[in-house]
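Read the structure below first, then the notes.
Bear in mind that the values here come from a model prediction, so they are computed numbers and not experimental data. Naming: A, B, ... by sequence-line order, numbering from 1 per chain.
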Amino acid sequence: MTILGMPTSMFLVFAATVLAGSLGAIHYVIVHVILDRPFADEEKAIGTRDPAEPTTSPGRAARAEREARQTRSSGHSPTEGTGAGESRGASSEGTDEHD
Amino acid sequence: MTEVNPFYLATFILYLVVVLSIGVWAYTRTRNVMDFWVFGQDMGPVLATWSLIANFVSSVSVIGFIGAVYVEGYSLMTHTILGLMLGLSGLYFVVGYVRSLNVLTFPDLIARVTGYESARPLAGAVLLTSGWLYLIMQLVGAGLLITAITGVPYQYMVWVIGGVFILYTVMGGLVSVAWTDLLQGILMVFAVFLALTYMTFDLGGITGINLEFAALDSALVHPTNEGNYTLLYVAGLFLAFFGTILTEQDMLIRIAATRNIRTAKIHIAAAGVVLSVFYSVLVILGGAAAVALTGSGLGVENPDAAFPTLITQYLPTGVGILIILAVMSAILSTTDTRLHATGMTVARDIYSFFRPSADESQLMKVSRIATVVLGLTATAAAIDPPGTIIVLYGLRAVLLTSAFLIPVYLAVFWAELDGRAVIAAIAGGAVVGLGTHLMDGGIGAIPSTFLGVGTATTVVLIGQLLLRHLRDPGT
């Protein structure tokens, strides 16, 4: 059996490719347009989320906590953009000669 | 020397003048190193989307992919393009987190998740090799095309194109790159759709194209080339291209250039839709090119010459001019992005690691010098390239995916993962992936991507277990 002159299996690969490329858009429309969920950076600014609701994975939360501690102790923002050579390490265990 | 078509030559010159003018204008808008590197982190959704599209579609896509379809048929969709599209959507799902880290480059991300600054020059060296290979591929594609069109010998044409893209990239950095991308992306998508429309009418519709393509060889319209490519081979390539999207330096740089997470997500989501349709059209155009060239006795031996031959010897001049603009756009937009990324890799990831006290003007200067040097050396290498476009494309995909995919993204989402295990896995994956690929594409029936990714995964997991045990013998 053929569709548009090509075997059905080949046609399905074309269809799957378009679907694969559109997964992000589908997610964006459902989650951020229809359900109106805020983005992580907007979330902090708006502050409307229920504090009891988990906003991140446990791994991310642990890392964020360590980053916050590290930032407080080093006295500068870990997200500085142009500070070449500054420590960007987020894991508490790993440090080397430049940290 | 082929006959010169004055319309094609004039179009080519006009095109170069336009992009150079944008470069000069962008130079006036580039005030500091953050503008030069990441557009001052203020790129909006429309510009970011079209910049990503233009960057994504390269000479590999237009010359290499059409050449690949000419030889092996639509199986390219299965093992390469489907992987690329899934990779793009995969990037969408991690982009929010990556953008929130506010890292500027991929080595920045690695340093952040491992906690080791020394990971920056290590990863930078791998990315530099990959980026430089990519530059060569772009220049080969551009040189082949414009030589076929204008009749100017390849070895001269490569230098003309190399000179122009180096000049406008070095002037305005990502500001030049993004604004030229906007123009180039729109032009490219429009022209490829126009080309397929023309071929559709010329060859009796999409069904007619596919039936005639299948008549050449039924394997050409089969997802695995009727079993000529094993599932393992297809899966290996698929994984390599999927991984490439998540590990490319220019992707990270563009994400850093967006003004917020919303923009970062929109640009990947929108580009995914446009690109998945664009590539489907492009692959069918490849089938149409094969049918048209074979049917009219214009068959080529070098698959990379298929599309240039279609333009110069099959299409009417009016359509040909638009297609040339599209192909030039595809090539230059990717080349400038990669050149900008390699220059930034040198300055940001390597130079600044060894000279942490370097100020902004020094970093800008190093970026610009690196851009010129890498651009010139890539141009020189493109005169006698070490392989066809599609071969080089596969090589760098294996390298990036083997080295980075598993260790880096595992570290992004596994906070307890030891940075030393991640770095060892990057080194192991790169050596095994690249080494086995250069030997014979793999060991036995196992593709190099699987070997590289498998090594990286094994090293990171065993490394984590050992280091954890050393740190805490009780566990």
Ranking B:N32, B:V277, B:I266 by heavy-atom pairs under 4.5 Å to chain A gives rank one to B:I266
Looking at B:I261, B:V283, B:L82, which one has more heavy-atom pairs under 4.5 Å with chain A than the rest? B:I261
Residue by residue, scan residues 207-215 of chain B and write down, ordered by number, those that have a heavy-atom distance under 4.5 Å to chain A; if none do, write 'none'. B:T207, B:N210, B:L211
Under the criterion side-chain contact (heavy atoms from CB on, under 4.5 Å), I'd like the reasoning laid out for B:L84 against A:T17: C-alpha separation, chi angles, the key distance, then a yes or no. CA-CA 9 Å; B:L84 287 171; A:T17 302; over 6 Å; no
Under 3.5 Å: donor-acceptor pair, side chain of B:S89, backbone of A:A20: yes
For B:S361, which residues count as a side-chain hydrogen bond (donor to acceptor under 3.5 Å, both in side chains) partner, sequence neighbours excluded? B:D359
Heavy-atom contact with chain A under 4.5 Å, split by part of [X]:
X: B:V38; value: neither
X: B:I81; value: both
X: B:L275; value: neither

Show me the pairs that pass salt bridge (charged side-chain N to carboxylate O under 4.0 Å, His left out) and involve residues 261-282 of chain B, at least two apart or across chains. A:E42-B:R262
So do B:I284 and A:F14 actually touch side chain to side chain, heavy atoms under 4.5 Å? yes
Is it true that, when you exclude B:L231 itself, more than 12 heavy atoms of the residues, nucleotides or ligands shown sit nearer than 6.0 Å to its CG? no
Which residues from residues 27-36 of chain A are near chain B, with near meaning under 4.5 Å between non-hydrogen atoms? A:H27, A:Y28, A:H32
Shortest non-hydrogen separation from A:M10 to B:H222 and the atoms involved: SD-C, 3.7 Å
For A:S22 and B:V273, the nearest pair of non-hydrogen atoms, with its separation, is OG-CG2, 3.9 Å
